[in-house]
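Shown next, in structure tokens, is the structure this report addresses.
These figures come from a predicted structure and were not determined experimentally. These numbers come from the heavy atoms of this one structure, side chains and all, not from hydrogens, waters or symmetry mates.
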Amino acid sequence: MKLGIMQPYFVPYIGYWQLMNAVDEYVIYDDVNFIKGGWINRNRILVNDQPKYFNVPMLGASSMKHINEVGVNNDPKLIRKNLDQLMRAYSKAPYYDKVFPLMEKILTSEKENLAQYNAESFRLINKYLGITTKLIVSSTLEKDCTLKGQDKVLEICKLLGATEYYNAIGGQELYSFADFRQQGVKLSFLKTEPITYDQFGGEFQPNLSIVDVMMFNSVDTIREMLGRYQLVCK
């Protein structure tokens with residue numbers, strides 16, 4: 001069984017979805033500390049041919065809290081502001097009529113904490129893209145929460161019966177091939193290949209939110225993109 005584990009990022013770039021699509025089960029790592037200035041509550045969209053941050057309004061955000069302890073501010077005015085930002089940015093994009101209603105469901109989900117909010121967005125986007133990976137919320141697993149880093153990941157692999165563990169390429173320094181092999185788990189790192197597409201005819205801006213990818217590409221094209229990666233393993 002192939003397993004992936006990642007913090008719940010907000011509408012992340014396509015590499016995140018490649019990882020989720022590549023595994024059989026995917027753990028939403030909601031009971032680890034919130035990271036300020038990271039991708040848990042924000043991503044980037046295309047505004048006037050340039051990347052611009054697109055944020056989840058939060059309540060009580062702190063690096064001393066777990067992700068599932070950070071609140072979401074569901075003020076209708078803030079939701080409307082985000083929807084208007086998307087409308088102005090993408091109203092002329094070829095798949096706007098399909099993707100804007102999807103984003104409207106995500107932004108108006110009324111989930112009370114950031115982990116639930118992002119997890120709900122995963123379910124909605126997965127359904128749109130035809131990704132059938134089983135999603136598991138980390139905080140529902142009975143595990144030793146005193147463990148950290150690689151040790152905690154290995155315990156989750158053991159609990160779920162994983163034979164292979166996939167991680168994003170950026171995490172290479174965090175994990176040991178030998179340690180995973182010793183526990184009977186094959187470790188692989190997913191490296192996204194270059195992906196480009198037309199963005200209103202301007203200079204291509206890479207690694208934007210999946211929102212940008214969906215606005216400019218059909219589901220069939222995106223599903224082909226999901227397979228454009230290499231696996232680094234030993």
I want to check something: taking the side chain as every heavy atom from C-beta on, are [X] and [Y] in contact at a cut-off of under 4.5 Å?
X: I210; Y: I125; answer: yes
X: K98; Y: V219; answer: no
X: L141; Y: L160; answer: yes
X: W39; Y: Y13; answer: no

Inter- and intrachain pairs under ring-ring contact (aromatic ring centres under 6.0 Å, His included), touching residues 213-234, at least two apart: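 Qualifying pairs: Y90-F216, F200-F216.
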Of all pairs that satisfy salt bridge (Lys or Arg N to Asp or Glu O under 4.0 Å), the ones with a partner from residues 29-43, not counting sequence neighbours: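 Those involving residues 29-43 are D31-K143.
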[X]-[Y] co-clustered via ILVMFWY side chain contacts under 4.5 Å:
X: V232; Y: L3; value: yes
X: L159; Y: V32; value: no
X: Y9; Y: Y128; value: yes

Closest non-hydrogen atom pair, [X] against [Y]:
X: S176; Y: Q150; answer: N-OE1, 2.7 Å
X: V185; Y: A162; answer: CG2-O, 3.7 Å
X: I35; Y: Q7; answer: CD1-NE2, 3.9 Å
X: K152; Y: L147; answer: CD-O, 3.5 Å
X: M225; Y: T196; answer: CE-O, 4.5 Å
X: M103; Y: L86; answer: CB-CD1, 3.8 Å

With sequence neighbours excluded, residues passing side-chain contact (heavy atoms from CB on, under 4.5 Å) with D198: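 Counting only residues at least two positions away or on another chain, D198 forms no side-chain contact (heavy atoms from CB on, under 4.5 Å).
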Listed partners of R181 passing side-chain contact (heavy atoms from CB on, under 4.5 Å), at least two apart: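 Applying side-chain contact (heavy atoms from CB on, under 4.5 Å) to R181 gives F177, A178, K234.
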Residues Y165, V23; criterion side-chain contact (heavy atoms from CB on, under 4.5 Å); working and verdict: CA-CA 8 Å; Y165 176 67; V23 297; over 6 Å; no
Please output the side-chain donor-acceptor pairs of residues 44-60 that fall under 3.5 Å, not counting sequence neighbours, one pair per line with the distance.
unit_1, atom_1, unit_2, atom_2, d
R44, NH2, P206, O, 3.3
R44, NH2, N207, O, 3.3

Looking at [X] and [Y], would you say the former's side chain and the latter's main chain have a donor-acceptor pair under 3.5 Å?
X: R228; Y: I195; result: no
X: N21; Y: W17; result: no
X: Q199; Y: Q205; result: yes
X: N74; Y: T108; result: no
X: S138; Y: V27; result: no
X: Q230; Y: E193; result: no

Quick one: ring pair (Phe, Tyr, Trp, His ring centres under 6.0 Å) partners of [X], sequence neighbours excluded?
X: Y197; value: F204
X: Y26; value: Y16
X: Y96; value: F100
X: Y95; value: none

Just how far is it from atom [atom1] of [X] to atom [atom2] of [Y], taken to the nearest 0.5 Å?
X: K134; Y: N126; atom1: NZ; atom2: CG; result: 14.5 Å
X: I14; Y: I222; atom1: CD1; atom2: CD1; result: 6.5 Å
X: M6; Y: I28; atom1: CE; atom2: CD1; result: 12.0 Å
X: N82; Y: I106; atom1: CG; atom2: CD1; result: 11.5 Å
X: L19; Y: S188; atom1: CG; atom2: OG; result: 10.5 Å
X: L231; Y: L190; atom1: CG; atom2: CG; result: 5.5 Å

side-chain contact (heavy atoms from CB on, under 4.5 Å) between N41 and V70, worked out: CA-CA 10 Å; N41 67 298; V70 176; over 6 Å; no
Evaluation steps, side-chain contact (heavy atoms from CB on, under 4.5 Å), between L83 and L107: CA-CA 8 Å; L83 288 170; L107 297 177; 3.5 Å; yes
side-chain hydrogen bond (donor to acceptor under 3.5 Å, both in side chains) involving S218 - partner list, sequence neighbours excluded: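 Checked S218 against side-chain hydrogen bond (donor to acceptor under 3.5 Å, both in side chains); matches are T221.
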Name each donor-acceptor pair under 3.5 Å that joins a side chain in residues 114-122 to protein atoms two or more places apart or in another chain, with its distance.
unit_1, atom_1, unit_2, atom_2, d
N118, ND2, P8, O, 2.7
N118, ND2, I40, O, 2.9
S121, OG, N118, O, 2.5

Under the salt bridge (charged side-chain N to carboxylate O under 4.0 Å, His left out) test, residues paired with E155 that sit two or more places apart: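 Expected list: none.
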Taking everything shown except [X] itself, do over 12 heavy atoms lie less than 6.0 Å from its [atom1]?
X: K65; atom1: NZ; result: yes
X: E110; atom1: CD; result: no
X: E112; atom1: CD; result: no

Worked check of side-chain contact (heavy atoms from CB on, under 4.5 Å) between L226 and R223: CA-CA 5 Å; L226 292 174; R223 288 202 56 77; 4.2 Å; yes
